[in-house]
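The next block holds one structure in the form of structure tokens; read it before the comments.
Whatever order the structure lists ligands and atoms in, that order sets their numbers, starting from 1. Every value quoted in this text rests on a predicted model; they were computed, and no experiment measured them.
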Amino acid sequence: MKHANHEKVLRALAAEYERHSPRSAAANREALRYLVDGGSHTLRLIRPFPPRIASASGAFVTDEDGHRILDFWQGHYANVLGHNPPELTGPLSKAFASGFGLQTGFTDRLQVEVAELACRLTGSERVRFTSSGSLATMYAVLLARGFTGRELVMKVGGGWHGAQPWGLVGVDLKEGDHASYQHTESKGLPGAVAEEVICARYNDTALLGRLFAEHGRRVACFILEPIIGSGGFLAGDPAYLAAARELTAKHGSLLIFDEVIAGFRFRAGAASALYGVRPDLATFAKAMGGGMPVAAVAGRADVMALAGRGGGVKFSGGTYSCHPASMLAAKTMMLHLAAHEAEIYPRINALGETARRTVEGALRAEGFSARCTGDPNTAIGGSSVGAVVFPFNGSAAISSPEQVRDPETCDVELADTVLQLALLLEDVHVVHGLGCLTTAHTSADVDRLGEACRAAARRIKAAR
Ligand SMILES: Cc1ncc(COP(=O)(O)O)c(C=O)c1O
């Protein structure tokens, strides 16, 4: 069965959800009057309407209808300690009360401490902070193009590096006879971008070799995630990442690891260390700041120097760069993760493993050919992330976003839309079928996730 039609099921689930969440429905009607589509981030705008959250603590968020929702989205994977962890809210509240935290426009000692920590924990020589992952990857690409004097940017089809010109190519698979990632994702982009970005295929070492043989002399950088996130939570094959390092070095291109999700999610530092691969530049955000807006570009001192006076790369602004409250959160978070690394990561990885197997087991028990991605490999050892795919061919190996996002290969709508809405009716929130585990989750929460998956699957079957 390919291109399954879920229209009838979605209509039935939506009607039930209207009854389940009348206050969120009303808030959405008001939101639509002022906010485009009712919000400011498409992934959050669950259809027919998202739950409007009133408060959050640990593994749970509470919506305006009073539902206590078990959350696996956890701030776009930023939360390692759950929502509003006292480890962060305590120092932040204390700082605000003492007159520190909202004074932007200056430098202070805290930035130096955070920079030292970030460099030490990520194995970088220099770092510069900014306020979002999108800006970090944009600056990293500018630095690479400035450093090499070249224009081509290689990325992975299906890789999401945020909304910046070179990142807005090859994010969604364009359907058709030869489904491809080689296209721009947005109107309004500079025309040159379509020609300046080449999409490689994740974990396809042979293709990478061919692309570098053909274009290597003109490639400024290859940007990729060591564990790809929105492309389906697939761990990079160690041989692929080693080849990426070797080929970029051989052709005089820079290797950029986008660790906006991976950094501090798999260890208290860069995930690249788990592979023994050192990129020229890396970007960090999310877990590093524990939910506060902080992002960083870090790496080789000679490349980073281009951001400095006279360096020529305009990575120099940002009203909220090094925002004091964000810096305090980053310092607190990084110190906490480093001090408790030996307890935190084994715990969330074990919960991740149980969650992936529980979700698969529950959905399969109800007759769905579900599989969870996010499994670790020999390099990363353990993983606290996951997504659900429904491959039409149950035994097919899933190793690249081409497979995860291709509606000919996997039932994408069932995973991303139908299952999400059905689980919301069980007061469980997932994105792409799952999300991530935090220290705030318990094994009882994972059991509840399993029960919710079974109930959601039954609900879907009943609505067909
Ligand atoms: C790997 C990766 N890079 C960059 C970004 C963009 O980060 P931000 O949303 O903070 O702009 C994201 C966001 O999800 C991401 O997952």
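Judged as a side chain to side chain contact (heavy atoms under 4.5 Å, CB included), and not counting sequence neighbours, the contacts of L121 are L117, F264, M334, A338. Here R245 pairs with T248, D280 under the side chain to side chain donor-acceptor pair (under 3.5 Å) rule; sequence neighbours left out.
Listed for the T137 side chain is a donor-acceptor partner under 3.5 Å among the backbone atoms of H161.
With respect to the salt-bridge test (charged N to carboxylate O, under 4.0 angstrom), the residues D375 and R357 qualify.
At least one cation-pi condition fails for R267 and Y345: the charged atom is not both under 6.0 angstrom from the six-membered ring centre and inside a 45 degree cone around its axis.
Each side chain to side chain donor-acceptor pair (under 3.5 Å) pair with one or both residues in residues 325-339, not counting sequence neighbours, appears once here: E113-K331.
The contact shell of ligand 1, taken as protein residues with any non-hydrogen atom closer than 4.0 angstrom, comprises S132, G133, S134, W160, H161, G162, E225, D258, V260, I261, K286.
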